[in-house]
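Remember, predicted model here, so these are calculated numbers, not experimental data. Quick note on labels: first sequence line is chain A, next is B, and so on, each numbered from 1.
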Amino acid sequence: MDVKKIKRSEDYSGWYNNLVKNADLAEHSDVKGCMIIKPYGYAIWEKMQAELDRRFKETGHQNAYFPLFIPKSFFSKEASHVDGFAKECAVVTHYRLKNDPETGQIVVDPDAKLEEELIVRPTSETIIWSTYRNWIQSYRDLPILINQWANVVRWEMRTRLFLRTTEFLWQEGHTAHATAEEAIAETKQMLEIYADFAEKIMAVPVIKGVKSANERFAGALDTFCIEGLMQDGKALQMGTSHFLGQNFAKAFDVKYVTRENKSEYVWATSWGVSTRLMGALIMSHSDDEGLVLPPNLAPIQVVIIPIFRKEGERELVMEKADAYFAALKKLGISVKVDDRDNMTPGFKYAEYELKGVPVRIAIGPRDVQNGTIEVARRDTKEKMVLQAADLEHKIPHLLEQIQQNIYQKALDYRTEHIHAVNTWDEFIDALDNKTGFVSSHWDGSSETEEKIKELSKATIRCIPLNNPQEDGKCVLTGNPSKERVLFARAY
RNA sequence: CGGGGUGUAGCGUAGCCUGGUAUCGCGCCACAUUUGGGAUGUGGAGGUCGUAGGUUCGAAUCCUGCCACCCCGACCA
């Protein structure tokens, strides 16, 4: 495998792109800005989906599916929503092609123009709230707790595999509630689920917070988010949960009758995470050897590599390999025996390191004789010789350790990269030289936030939840401030 | 969309300035020897040189348009 090697420390985005391709996660398609998620990458996404889906269902949500197309007029019903998305919508104007008799080419049939254009969904609030109108009459119909797994399209100017693609996969939850309190509780509950998933499953520490007005979702009263910190010191928004107030209920005239027989608008939330999480996963743990996957998401958790020279050895070794395979599989571990005989063990080691398989077990004739196995962990590259008899209790434990270790490593990195600053010089110095989050006072105005963005390219990632209150002065204007917020340069 | 760069076999590339039908490595196929950290030998297959035009006896090479990707901006829940 003669792949181009790009060092993480020298060219982070080159390294990232290279890794996505070399580890067989995804590739560019023939369509501008759109990617093909390859089987190995999709397997990781499926594991993410399964974990999230289980958590959604445990908290009472059901899956449903709404159309890909949204009538154009729906978008204009909620003013800030259309402002937020208008510039990046794909529009369907015709429904038929025909053969041009003059050129012999396939052309759009001008006679097949749609009365009303259809928008390819960039998000589904409008079509869903238009539907909820018919579903909700009484307080007895509430809450409605629905999630959909879908693809959406946002016509971004510049794309990057997984992080920002024109079409991407995601889930979007859309809930309807009788009271604001209940909707807010839902918004926060989903934020907690995202944070828990990111930390426990992805092993990516996140900061929970609320967005400033500038960064808020188009149509929301409050946007909560989880923010991760990537290895190059840039922040990545990994998930959002919005309290939509009654904006969409009013726009789509969704009312319910209370127990007291009064008519009220419904309260709404929406929340989502996307295939961008794949980007977060890659950029949180991986190194120059390739991907590093947390055991909880690795499609292959343990790979067994048999080593043999002669035919007689092959049988002996394979017999053990198969036995270990069966033993681990019985424990619910995802395990694979790589018995390809046209490549050397060294080649396979490198390949599974590239693919981020957490644990590698090698068995050769020597091991068979000694009753041992050679175990290598991907995260530390540490190798050890274990008694084969210990396999069944040591390997599950090792997988847990690896999961813990890569989380801790990412957490340590983040802790080292949150810099509290009090002056503008310190602010710029932290961004340029230390990288990561900058915790500083801000006077709370959108104008100041804009100005800071202009001067430093940093945006407010969030105002952390349970943020300690302290008096201070805005790092730019010197105006009084009650709390610090987190700034960073972000993806 | 602006500035810069790139596009040659599955991958990575040489050739381009100075036009004459494409180089090398990896991978692939066959056989043999191999296999405890990216094996070796021998033989073989694989190319509309991103794309569409133009100049020319002749274009990967020169000219023009277009497309895609990368980097920096602008843009971006």
Side-chain angles (χ1 to χ4, degrees), chain A residues 1-6 11-18 21-22 24 27-35 80-81 83-89 122-123 125 152 154-161 163-166 168 170 172 210-220 222-227 236-242 244 270-274 276 289-290 305-311 313-314 317 338-354 360-370 372-374 376 381 383 385 453-454 457 459 461-462 490-491:
Chain A
M1 192 178 301
D2 190 39
V3 292
K4 192 163 79 181
K5 290 233 167 81
I6 298 178
D11 173 8
Y12 195 78
S13 56
W15 166 84
Y16 173 83
N17 279 316
N18 218 31
K21 278 172 222 156
N22 291 339
D24 245 355
E27 62 189 32
H28 289 285
S29 71
D30 294 331
V31 185
K32 182 187 172 81
C34 295
M35 66 176 166
S80 58
H81 192 65
D83 281 351
F85 287 105
K87 283 170 291 182
E88 51 189 55
C89 285
T123 180
E125 276 79 3
V152 287
R154 295 181 190 177
W155 216 266
E156 305 282 1
M157 288 180 186
R158 219 174 122 190
T159 58
R160 229 141 123 44
L161 289 169
L163 295 176
R164 180 174 291 110
T165 47
T166 300
F168 57 93
W170 78 344
E172 47 181 326
V210 63
K211 288 288 186 190
S212 66
N214 282 9
E215 301 281 324
R216 199 177 282 152
F217 176 72
D222 253 327
T223 288
F224 294 86
C225 63
I226 52 171
E227 291 283 327
L236 180 71
Q237 176 176 299
M238 290 172 58
T240 48
S241 183
H242 314 290
L244 302 173
S270 70
W271 28 274
V273 295
S274 72
R276 174 178 255 204
E289 270 65 57
I305 298 179
I307 301 165
F308 41 79
R309 295 168 201 264
K310 310 173 201 110
E311 265 314 294
E313 291 176 349
R314 181 196 168 97
V317 168
D338 187 347
D339 61 354
R340 291 175 296 177
D341 61 2
N342 59 338
M343 37 197 73
T344 60
F347 180 90
K348 294 180 187 175
Y349 296 171
E351 185 176 332
Y352 290 107
E353 279 163 10
L354 176 59
R360 181 181 75 228
I361 297 176
I363 321 163
R366 214 159 60 209
D367 294 301
V368 174
Q369 207 161 41
N370 301 338
T372 56
I373 49 176
E374 184 194 81
K381 311 210 182 74
K383 273 196 221 181
V385 175
K453 182 180 177 184
E454 219 171 273
K457 288 173 201 151
T459 49
R461 300 321 302 155
C462 70
Y491 278 99

Taking the side chain of [X] as heavy atoms from C-beta outward, which of [options] is closest to it?
X	options	result
A:M157	B:A74, B:C70, B:C76	B:A74
A:E156	B:G36, B:C70, B:C76	B:C76
A:K457	B:G73, B:G36, B:C69	B:G73
A:S13	B:G38, B:C71, B:G36	B:C71
A:A350	B:A68, B:G36, B:G38	B:G38
A:P365	B:C71, B:A39, B:G36	B:G36

Nearest-0.5 Å distance, [atom1] of residue [X] to [atom2] of residue [Y]:
X	Y	atom1	atom2	answer
A:M343	A:K348	CE	NZ	7.5 Å
A:N18	A:I6	CG	CD1	4.0 Å
A:I373	A:D367	CD1	CG	8.0 Å

Tell whether A:E313 reaches the base of B:G36 with its side chain through a donor-acceptor pair below 3.5 angstrom.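 Flag unset: no donor-acceptor pair detected.
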Base of B:G37 paired with side chain of A:K383 (donor-acceptor, under 3.5 Å):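 Yes, a donor-acceptor pair under 3.5 Å.
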Between B:G2 and B:U61, how many Å separate the two C1' atoms, rounded to a whole number?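 Rounded to whole Å, the distance is 30 Å.
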What stems involve RNA chain B, if each pair must be Watson-Crick or G-U and both of its distances must be under 3.5 Å, with 3 or more such pairs in a row?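 Looking at RNA chain B, the stems formed by three or more consecutive pairs are B:1-7 with B:67-73, B:10-12 with B:24-26, B:28-33 with B:39-44, B:50-54 with B:62-66.
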Quick one: label [X] by what it contacts on the DNA or RNA (base, sugar-phosphate, nothing), any heavy atom closer than 4.0 Å.
X	result
A:R160	sugar-phosphate
A:D367	base
A:G364	base
A:K32	sugar-phosphate

Spell out protein contact along nucleotides 29-35 of chain B as letters: B when the base is contacted, S when just the sugar-phosphate is, - when no protein heavy atom is under 4.0 Å; keep the 5' to 3' order. -----BB
Closer than 4.0 angstrom, basic N to acidic O: yes or no for A:R340 and A:E351?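 Yes, charged N to carboxylate O under 4.0 Å.
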Would you check if A:R461 and A:E215 make a side-chain contact, meaning some heavy-atom pair closer than 4.5 Å?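 SC-SC contact between A:R461 and A:E215 confirmed.
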Any side-chain N or O of [X] less than 4.0 Å from the OP1 or OP2 oxygen of [N]?
X	N	answer
A:N18	B:C11	no
A:K21	B:C11	no
A:R158	B:C70	no

Between P on B:C1 and CD on A:E88, what's the gap in Å once rounded to a whole number?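 The distance from CD of A:E88 to P of B:C1 comes to 17 Å, rounded to the nearest Å.
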Filtered N/O pairs between nucleotides 42-52 of chain B and protein, under 3.5 Å:
none

